Protein chains: 2
Amino acid sequence: MDPSTEEKIKEAARRLFMQQGFEGTKTRDIAKEAGINLALMNYYFRSKQNLFDIIMLEHMESFVKGIAVGFNDTSTSFDEKIRFYANAYIDLLTLQPDLPLFIMTALRSNPALITERLGVKKMLMTSHFMQQYTEAVAAKRFAPIPPMHFVMNLFGLTVFPFIARPFFQAMSNITTDQFNAMMQERKQQIPHWVHAMLEVRP
Amino acid sequence: MDPSTEEKIKEAARRLFMQQGFEGTKTRDIAKEAGINLALMNYYFRSKQNLFDIIMLEHMESFVKGIAVGFNDTSTSFDEKIRFYANAYIDLLTLQPDLPLFIMTALRSNPALITERLGVKKMLMTSHFMQQYTEAVAAKRFAPIPPMHFVMNLFGLTVFPFIARPFFQAMSNITTDQFNAMMQERKQQIPHWVHAMLEVRP
DNA sequence: GTCTATAGGGGGATAGAC
DNA sequence: GTCTATCCCCCTATAGAC
């Protein structure tokens, strides 16, 4: 069955907002892309800003909760969680490569979004994964990487290539397919790299 | 002596474009921020787009050439270049934290910019630094990290925290000063982390 | 629910005086 | 070089017919 008109508008808006940002996207473009009339957008969503906020929140939830669930699974080990994270995120970003840049841009102009509407702090820094991290490094004889640096490294190794993809593709003349193949390689490597960093003495 | 009118306009435009993007910045805002009249902007720069392009290219040059020079210094070792890079870039990004997001956003809508106007490929992938990398890993008994992954990791560890700063500050409730202090710590750690990753067997 | 038509304002750019 | 005033397009949002 055909998607509802409301859903067609949201799909078009998702695509356009993600590629061109809030100011760069015109309501006329959304209507045309959705194959409907301009007035219908306001009928369903009242205003462009409201439509953007709805889409933004949905994206942030998929972005944040995608990790949160796996990170709080008490049945998996620390290493398993790292493998899970790398796999899940690289798959997510391969399908939606513009997601990180979109979210970070929106967060810069409205940092309160992530604190108010999503319990990011609770979901990540106090997660079962971070508890396991603390236990893992406590067993070592030397002071470990502070948790925040560890999280920055793990996320950076995973997300940054997607954010800087135009830069890397220009550097190496690779196609998007080849880029995606490289990201598949990273699924295997990131757990090893993270593990090696944990052995570094400060 | 006072900055020239032309320079005042560029300074205002740099600030606003960096914070709010091309579409989000209004010519009237630039004029007000520069303390001059709207018409003067067109007198000096002909159009908003032209002004943006000029500023964009200057930023990309500082961003890319900042590395290129150090990476092609034949008098420094591989390890020294990594230390130099981490220091120089973290200092640059501490002063201009919005620079990476600004450049990546502009590159997404116009990827040709970086290939046409700047010889990125030559400057980085064929640099003296990458030659030293190849030599360093050739001495090992096992297949090394492919050069492209190595570059992604090095840049990701350095640049990503600045891109995702709103996210990390929300996660940990740290102030901007505390965030900057953390980035100073990374200057020391990044060379160690990179070194540890090079020892990983695939 | 879906359309056409249009109100109403903001935006980039320019004309022309000084 | 610098200003004021203004053109004219395009954008968001709404009125009102069907």
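None of the values given here were measured: they were computed from a predicted structure. Numbered from 1 within each chain, the chains take letters A, B, ... in sequence-line order.
Computed from coordinates, the A/Asn37 CG to C/dT6 C1' distance equals 13 Å when rounded to whole Å. We find that CG of A/Leu40 is positioned 14 Å from P of D/dT14, with the value rounded to whole Å. The distance between atom CD of B/Glu6 and atom P of D/dT2, rounded to the nearest whole Å, is 10 Å. Atom CD1 in A/Ile9 sits about 13 Å away from atom C1' in C/dC3, given to the nearest Å. Look at NZ on A/Lys32: it is 17 Å from C1' on C/dC3, rounded to the nearest Å. Rounded to an integer number of Å, the gap from A/Tyr44 OH to D/dA13 C1' is 18 Å.
Checking side-chain atoms of A/Lys81 against main-chain N and O of A/Thr76 turns up a donor-acceptor pair under 3.5 Å. One N or O on the side chain of A/Lys26 and one on the backbone of A/Glu23 form a donor-acceptor pair closer than 3.5 Å. A donor-acceptor pair under 3.5 Å is absent between the side-chain atoms of B/Asn110 and the main chain of B/Ala106, judged by distance alone. At least one donor-acceptor pair closer than 3.5 Å links the side chain of B/Gln169 to the backbone N or O of B/Ile174. When atom types are taken as modelled, the side chain of A/Lys48 and the backbone of A/Thr25 share a donor-acceptor pair closer than 3.5 angstrom.
Considering only the side chain of B/Met41, C/dA13 comes nearest among D/dC3, C/dA13, C/dC3. In this structure, the nucleotide among D/dC3, C/dT2, D/dA15 sitting nearest to the side chain of B/Ile36 is D/dC3. Set against C/dT2, D/dG1, C/dA13, the side chain of A/Tyr43 has C/dT2 as its closest nucleotide.
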What protein N or O atoms touch nucleotides 9-12 of chain C N or O atoms at under 3.5 angstrom, if any, and at what distances?
residue, atom, partner, partner atom, Å
C/dG12, OP1, B/Thr27, N, 3.3
C/dG12, OP1, B/Lys48, NZ, 3.0
C/dG12, OP2, B/Thr27, N, 2.8
C/dG12, OP2, B/Thr27, OG1, 2.5
C/dG12, N7, B/Arg28, NH1, 2.9
C/dG12, O6, B/Arg28, NH2, 3.2

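The aromatic rings of A/Phe22 and A/Phe17 lie parallel to each other, their planes meeting at an angle below 30°, with 60° marking the opposite boundary.
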